[in-house]
Amino acid sequence: MRQRKHHWLMKSEPDAFSISDLERVPTEPWSGVRNYQARNFMRQMQPGDEVFFYHSNTDVPGIYGIAEVASLPYPDPTQFERDSHYFDPKATPEQPRWDLVDVRFVRHFKTPVTLAAMKAIKDDLGEGFALTQNGSRLSVMPVTPAQWKRILKLEAQG
DNA sequence: GCCAACGTTGGC
DNA sequence: GCCAACGTTGGC
């Protein structure tokens, strides 16, 4: 049993699924993560954990708002769907390889916190922050309480 | 178990 | 559209 809320950052390509898309649904299963490190982070998630919603592969990459974890981790159903882009022939319902959580919209940022802005305070965010590490492609990552606060301060500064 | 080749991510 | 960085695959 864990008492503290944990913080995360999750990337999505807004052309595929944006924070505005998330706002229109009750909850969204975060399917399609096929990276072990990202999967292992999702396995640590608990309902109520807070999530920075990051838009990648777009004109202005950055954090566009906040979501929350809305379920415990469970097997990603798309790994079993033969027609799915995310089908994994090595996964079986008895031995699933990929998990996900449901995610719920919380709020938009007043102004996005851009990747450029976060790179500008790279030292404040620390060495271990995958987002500002060159070439990191990790799509789900933990955010420390200090990093969370620092990024919210950036939002407040607009 | 090494590592070259390949595919993907994602910023620019 | 380019390409650097990275993870995965598969031959040996």
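Proteins come first, then strands; the chains are lettered A, B, ... in the order of their sequence lines, and each starts at number 1. This one's a predicted model, so the numbers in the text were calculated from it and none came from an experiment.
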Polar pairs (N or O, both sides) under 3.5 Å between protein and nucleotides 8-11 of chain C?
none

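- Between A/Arg39 and A/Asp76, none of the side-chain N atoms (NZ, or NE/NH1/NH2) sits under 4.0 Å from a carboxylate O, so this pair counts as no salt bridge.
- Within a 6.0 Å sphere centred on NZ of A/Lys153, heavy atoms belonging to other residues, nucleotides or ligands number 12 at most.
- Taking the six-membered ring for Trp and the full ring otherwise, the centers of A/Phe53 and A/His55 sit less than 6.0 Å from each other.
- Ring planes of A/Phe41 and A/Trp8: tilted class, angle from 30 to 60°.
- A 4.5 Å side-chain heavy-atom check between A/Glu13 and A/Ser56 finds at least one atom pair inside the cut-off.
- In this structure, A/Thr58 and A/His85 both approach DNA chain B, and ranking their closest nucleotides by distance from the 5' end singles out A/His85.
- The separation between A/Lys11 atom NZ and C/dC6 atom P is 11 Å, rounded to whole Å.
- In this structure, the ring of A/Trp98 has its center less than 6.0 angstrom from the ring center of A/Tyr36.
- Within residues 121-138 of chain A, the residues having any heavy atom under 4.0 Å from DNA chain B are, by residue number, A/Arg137.
- Here the side chains of A/Arg4 and A/Pro145 are in contact, with some heavy-atom distance below 4.5 Å.
- Around atom CD of A/Glu127, no more than 12 heavy atoms belonging to other residues, nucleotides or ligands sit under 6.0 Å away.
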